[in-house]
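Shown next, in structure tokens, is the structure this report addresses.
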Amino acid sequence: MPDTQEKERKSLEERNQMSDLERLRHSCAHIMATAICRIWPDAQFAAGPPVENGFYYDVDLEHRITPDDFEKIEAEMKKVVKENQVFEKVIVSRDEALEMAKKGRLAAVAERDVPSQFKIDLLGDIPEEEEISLYKNGDFWDLCAGPHVPRTGNCKAFKVMSVASAFYKGDASNPQLQRVYGTAFKNKTLLEEHLVQLEEAKQRDHRKLGKELDLFHIDEMVGQGLVLWKPNGAVVRQELQNFISEHLERQGYSQVFTPHIGKLDLYRTSGHFPYYADSQFPPLAERDTLESLADEGCTCGELMNKLEEGDVQGFLLKPMNCPHHIKIFQSNHHSYRDLPVRLAEFGTVYRWEQSGELGGMTRVRGFTQDDAHLFCTEEQVKDEIMGCLELVKIVLGTLGMEDYRVRVGLRDPDSSKYVGDPEKWDRAEEALREAASTLGTDFTEEPGEAAFYGPKIDFVVKDVIGREWQLGTVQVDYNLPERFGLEYVGADNASHRPVMIHRAPFGSMERFVGVLIEHFAGKFPTWLSPEQVRILPISEKFVDAADKVYETLRNEGIRVTVDKTNEKVGAKIRLAQLARIPYMLIIGAKEQESNQVSIRHRDRGDGGAVSVDEFKDQIVDEVRSRSL
RNA sequence: GCUCUUGUAGCUCAGGGGUAGAGCACUUCCUUGGUAAGGAAGAGGUCACGGGUUCAAAUCCCGUCAAGAGCUCCA
């Protein structure tokens, strides 16, 4: 009992602290707006809230703010702070506020010829019954619910961070504003700490490490968002796939292989085409068909129509693996005794993501899902979901990824984008909820996060920049069995419709490895390391001894190399450290004589000399147990 | 897709209307060295691509492609 009380008090304290910080950041947003107003009086401000790591203010301004302006803005902000203006709350009537806005007096330091257009719009969004408050600091008046710190002098540690663009109210049909980001902390020490953290985060960015460690490459000539796995990256991926394959075996899955394309009819039946055509690579049509259509003077628009209507046959790069797996299921008759059928594949899919959204390995156009589809009876759904969750937990647990959240995605009651019978949705949502509650981890239910064909459970992790990525996923699907007319023969000798479950514990290999690189900061556990051991002979004289150790380890399946360059050990160690190789084995006269190696671990440093066999047994065990 | 920023050697980056720069990596030679950089020499670039302005463009302007940040979208 005292335990929970202790906890509650602490979390309340934490929350209060947070809101103090948010208040400070919000005040900084006003100070920044004040500064921008003084520099560019024609600035029109929209919204300026605190956010996770700071604050921003959206501004419409003729002048394009660039990083070169940050210093100027900060200098002006410092002046405002030095003036130690009081943040004063003024309650006004709607008409008074409107009057000021029309004179351009809101989010401004003086009256202007142009009205404060965004503030007028925002005023309209405030419900009738709510009171309208303005905040003023010095000459700067702004429409604002507050709260604020007492004085501008309370904001001592801030920094203008970046500028980007944002649509007003997040709607692409609205004008684009310049969003100026800043961060602020209670004091300079905390600000410094945060900046150092950002710098460290940059160091472990998977795009940077991917290059340094030679893991993957994205080439302009190959195409945006199409990942080339280099030999080192391929090792990591292969090890992960072996790992998951072992568990597939244990959990009664069958692995299959399917091609990367399928006929449009397949996706017409599944409903992926043309409904999701915008996020697919365009269809492929046969050359002969294209030629004869061209002869007839067919336009591109007409061709698209014909493809969509099915008048012309074509192929699609597969956006999902499920239709292929369904066809495998359908190629046999199934008795209820066969169920559940679990078909797994590391299946590569292609999706036309918008170019501005692509990045590194986490958002790409071609990716390989560790996909599987389970065909089961309605009664088996819950157990199967629990089995899937179990697998996700094993995966994340083995890799030491504890920092994730579980999201149960339910349908948005107000939306019509979902297919299928509401009663079945209810049953599926209930099954997921029940399964999630057995996880032993907290989860949030989020309406509107369901897939269009069914509810799902997602495992979401954050990358170093703090962006959330969905990795593992378990989704119930009542829709596809219906569309493809799937059946099995029940104990009653009548035909029944199976339920389908889609699941992918990693999500995609690309995204997962991207997140994994950042999680480990490039220091993969030994079982995943592209190079597990590097042998460093002290000089040329000991190369033969090194080669012997190399053979011994290689025979055990250890990924090992010998550094035969004409360098001193110091230099060899440095390179091995930079490559994040877990073990360095140093061999000189001493070791050669005693048939030993001196171990240096990338994190633990000098580990002293042990016999070759002892080291061999130790590393083989470490790799086999997949220890962290 | 939209806005802004960026694109110079394999990598990290400097420079900038008048013959292309550094460090690391690479090659060769010297050195045979005990826990994060031994020394010397050499090689390597149509300055992303296409146009324009100019006596002259890597540099200025326009366009395209790509990357980054953010917004929007996401099966």
Side-chain angles (χ1 to χ4, degrees), chain A residues 51 56 58 60 64-68 161-181 202 205 207-208 211-212 214 217-225 267 270-273 275-276 278-280 318-323 349-360 363 365 369 371 409 417 419 449-454 456 465 467 469-470 473 475 477 479-480 502 504 536-543 565-579 584-591 598-602 605-609:
Chain A
V51 288
Y56 67 80
D58 283 344
D60 186 27
R64 292 288 154 203
I65 296 175
T66 67
D68 294 338
M161 301 296 288
S162 62
V163 59
S165 118
F167 295 106
Y168 178 55
K169 291 183 176 172
D171 185 339
S173 60
N174 281 337
Q176 279 200 302
L177 307 171
Q178 302 187 62
R179 178 167 291 181
V180 188
Y181 281 89
K202 248 195 206 160
D205 188 309
R207 289 165 298 195
K208 182 177 159 70
K211 221 179 254 184
E212 281 175 13
D214 244 346
H217 173 65
I218 296 174
D219 195 276
E220 267 191 44
M221 202 175 271
V222 175
Q224 281 185 287
Y267 298 102
S270 71
H272 295 115
F273 185 83
Y275 193 57
Y276 282 101
D278 277 355
S279 40
Q280 293 158 3
K318 68 178 173 188
M320 293 188 109
N321 300 305
C322 22
V349 298
Y350 300 88
R351 301 184 187 176
W352 190 260
E353 302 287 355
Q354 296 184 77
S355 62
E357 206 35 75
L358 298 168
R363 197 65 184 270
R365 282 186 174 159
Q369 299 175 312
D371 211 359
K417 72 171 184 175
V419 294
E449 283 295 325
F452 77 96
Y453 49 76
K456 57 178 185 170
I465 310 174
R467 288 182 294 205
W469 296 104
Q470 178 201 310
T473 182
Q475 315 183 350
D477 188 347
N479 174 49
L480 283 176
H502 311 243
L536 313 178
I538 293 280
S539 82
E540 250 166 37
K541 291 178 209 150
F542 309 106
V543 165
T565 56
N566 266 343
E567 289 294 342
K568 300 211 249 182
V569 230
K572 292 183 181 180
I573 285 171
R574 180 165 182 276
L575 284 177
Q577 284 286 152
L578 289 175
M584 289 153 266
L585 300 182
I586 292 150
I587 297 187
K590 242 174 22 202
E591 290 81 2
S598 284
I599 304 175
R600 182 190 160 103
H601 186 269
R602 69 180 167 205
D606 194 340

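All figures in this text were calculated on a predicted structure; none of them were measured in a lab. In the text below, chain A, chain B and the rest are named by the order of the sequence lines, each starting its count at 1.
In this structure the side chain of Ile586(A) never reaches within 4.5 angstrom of the side chain of Asp606(A), judged on heavy atoms. Annotation: side chain of Lys318(A) is not in contact with side chain of Pro323(A) (no heavy-atom distance under 4.5 Å).
In this structure, the NZ atom of Lys169(A) is 20 Å from the C1' atom of C73(B), given to the nearest Å. Between Asp219(A) atom CG and A67(B) atom C1' the separation is 13 Å, expressed in whole Å. Taking atom NZ on Lys208(A) and atom P on U12(B), their separation rounds to 8 Å, with Å as the unit. If you measure from atom CD of Glu353(A) to atom P of A67(B), you get 13 Å, rounded to the nearest angstrom. Per the geometry, CG belonging to Asp58(A) stands 9 Å off C1' belonging to C71(B), to the nearest Å. The distance between atom OH of Tyr181(A) and atom P of A69(B), rounded to the nearest whole Å, is 12 Å. The CZ-P distance, from Arg363(A) to G68(B), rounds to 13 Å in whole Å. Atom pair Ile218(A):CD1 and C65(B):P shows a separation of 18 Å (rounding to whole Å applied).
Along RNA chain B, the nucleotide closest to Leu358(A) and the one closest to Gln470(A) are compared, and the more 5′ of them pairs with Leu358(A). Toward the 5' end of RNA chain B, the nearer of the two residues Asp278(A) and Phe167(A), judged by each one's closest nucleotide, is Phe167(A).
Comparing the same atom, P, in U8(B) and in A14(B) gives a spacing of 10 Å after rounding to whole Å. Taking the P atoms as reference points, G15(B) lies 40 Å from C73(B), given to the whole Å. Separation of the P atoms belonging to G21(B) and G45(B) is 14 Å when rounded to the nearest angstrom. G7(B) and G17(B): their P atoms are spaced 15 Å apart (whole Å). The same atom, P, is picked in C13(B) and in A48(B); the two are 15 Å apart, to the nearest Å. As rounded to the nearest Å, U46(B) and A37(B) have C1' atoms that lie 35 Å from one another. For the C1' atoms, the distance linking G10(B) with G44(B) amounts to 10 Å, nearest Å. Remark: the separation of the C1' atoms in C4(B) and A40(B) is 48 Å, to the nearest Å.
Not counting sequence neighbours, the partners of Asp371(A) by the side chain to side chain donor-acceptor pair (under 3.5 Å) test are Asn321(A). Applying the side chain to side chain donor-acceptor pair (under 3.5 Å) rule to Glu353(A) yields the partners Arg363(A); only residues at least two apart in sequence or on another chain are considered. Partners of Asp171(A) by side-chain contact (heavy atoms from CB on, under 4.5 Å), not counting sequence neighbours, listed by chain and number: Ser173(A), Asn174(A). The salt bridge (charged side-chain N to carboxylate O under 4.0 Å, His left out) check on Asp214(A) picks up Lys230(A), with sequence neighbours excluded. Applying the side chain to side chain donor-acceptor pair (under 3.5 Å) rule to His601(A) yields no partners; only residues at least two apart in sequence or on another chain are considered. Applying the side-chain contact (heavy atoms from CB on, under 4.5 Å) rule to Ser355(A) yields the partners Gln224(A), Arg365(A); only residues at least two apart in sequence or on another chain are considered. The side chain to side chain donor-acceptor pair (under 3.5 Å) test applied to Thr565(A) returns Asp563(A), not counting sequence neighbours. Taking the salt bridge (charged side-chain N to carboxylate O under 4.0 Å, His left out) definition, one finds that Glu212(A) meets it with Lys208(A), Arg580(A), sequence neighbours left out.
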Q: Using a 4.0 Å cut-off on protein heavy atoms (strictly under), produce a 5'-to-3' string for nucleotides 45-51 of chain B with B for base contact, S for backbone-only sugar-phosphate contact, and - for none.
A: -------
Q: Indicate for each nucleotide in nucleotides 28-44 of chain B, in 5' to 3' sequence, whether protein heavy atoms under 4.0 Å reach the base (B), only the sugar-phosphate (S), or nothing (-).
A: ---BBBBBBBB------
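When all heavy atoms of Ile65(A) and Val163(A) are compared, the pair lying nearest together is O-CG1, 3.4 Å. For the pair Pro319(A) and Gln280(A), the tightest heavy-atom approach, listed with the atom from each and the gap, is CG-NE2, 3.9 Å. Counting all heavy atoms, side chain and backbone alike, Ile587(A) lies closest to Phe542(A) at O-CB, 3.7 Å. Closest heavy-atom contact between Pro537(A) and Lys572(A): O-NZ, 2.9 Å. In terms of heavy atoms, Asp58(A) sits closest to Ala166(A) at OD1-CB, 4.3 Å.
In this structure, Arg207(A) reaches the G68(B) phosphate: one of its side-chain N or O atoms is under 4.0 Å from OP1 or OP2.
Backbone-only contact: Gly170(A) has heavy atoms under 4.0 Å from sugar-phosphate atoms and none from a base.
Scanning RNA chain B for stems, defined as runs of 3 or more consecutive Watson-Crick or G-U wobble pairs whose donor-acceptor distances all fall under 3.5 Å, gives the following ranges: B:1-7 with B:65-71, B:10-13 with B:21-24, B:26-30 with B:38-42, B:48-52 with B:60-64.
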Listed pairs, N/O of protein and of nucleotides 3-5 of chain B, under 3.5 Å:
from, atom 1, to, atom 2, distance (Å)
U3(B), O4', Gln176(A), OE1, 2.5

